[in-house]
Amino acid sequence: ETGVTQTPRHLVMGMTNKKSLKCEQHLGHNAMYWYKQSAKKPLELMFVYSLEERVENNSVPSRFSPECPNSSHLFLHLHTLQPEDSALYLCASSQRTGGHQPQHFGDGTRLSIL
Amino acid sequence: AQSVAQPEDQVNVAEGNPLTVKCTYSVSGNPYLFWYVQYPNRGLQFLLKYITGDNLVKGSYGFEAEFNKSQTSFHLKKPSALVSDSALYFCAVLGGGYQKVTFGTGTKLQVIP
């Protein structure tokens, strides 16, 4: 059991739709992350939250909007996406940012934009 | 800045043979180094890490990695490969006061029966 749960596992949406990805961690961690994984590209860090405060935003387009209501939950709100946004979106958590504690990943949401 | 390089997109090895997946890094100061594995349709799973101390680090599933400061490398090794080891392997580094981990591009390991 991963300790980090992502829903849905698969999502197909049109470019005009609005949807949200959900991540929940049961590990008592204080930091949560969103990554984008595309084929043949490095893992891209999108957002980092530490104690529910956003501490990193790597020039991600505004059509991606994160939300962290508490230290256990992380959302990624999607709207007006582009075909190049099709990818695997991974959520991760760790005890804190900047430390040597490893990150724990969910199994991802496979997003396809029509 | 910090960076990590995995020079091989794919490594093929026969079952039962030793395997090595290469990783080199660049960071200011002392690094924290990690290896993760990703099986199909799954997220990344932590294998092992180097913080300080013994240069040979042992991890899950019989994997180990050797930290070499002079060569700035952290290669992943296993004495005898299993078909079930076939997966995507990621090296990662954190150091120099950075707050975020930098991942490599991944190496696909194919163990041939």
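The figures that follow rest on heavy atoms only: side chains count, while hydrogens, waters and symmetry mates do not. All figures in this text were calculated on a predicted structure; none of them were measured in a lab. Lettering follows sequence order; numbering is per chain, from 1.
Contacts between A:R9 and chain B at a heavy-atom distance below 4.5 Å involve the side chain alone, from C-beta outward. There is no contact between B:L48 and chain A, counting heavy-atom distances below 4.5 Å. Proximity to chain B is absent for every atom of A:Y33, based on heavy atoms less than 4.5 angstrom apart. Using a 4.5 Å cut-off between heavy atoms, B:L44 contacts chain A through both its backbone and its side chain. Both the backbone and the side chain of A:Q103 come within less than 4.5 Å of a heavy atom in chain B. For B:Q38, the part lying near chain A is the side chain, with the backbone staying farther off; criterion is any non-hydrogen pair under 4.5 Å.
Put simply, of B:Y32, B:F90, B:Y39, the one with the most heavy-atom pairs under 4.5 Å next to chain A is B:Y32. In terms of non-hydrogen atom pairs under 4.5 Å with chain B, the most contact-rich of A:A31, A:P42, A:P102 is A:P102.
The aromatic ring centres of B:F67 and B:Y50 sit less than 6.0 Å apart. If you look at A:F47 and A:Y35, their ring centroids are not closer than 6.0 Å.
Inspection of the B:N68 and B:E66 side chains reveals no N or O donor paired with an N or O acceptor under 3.5 Å. For the residue pair A:Q25/A:H104, the side-chain donor-acceptor check at 3.5 Å is not satisfied.
Both tests do not hold together for A:K36 against A:Y89: distance to the six-membered ring centre under 6.0 Å, angle to the ring axis within 45°.
B:K49 places a side-chain N or O within donor-acceptor distance of the main-chain N or O of A:H100, the cut-off being under 3.5 Å.
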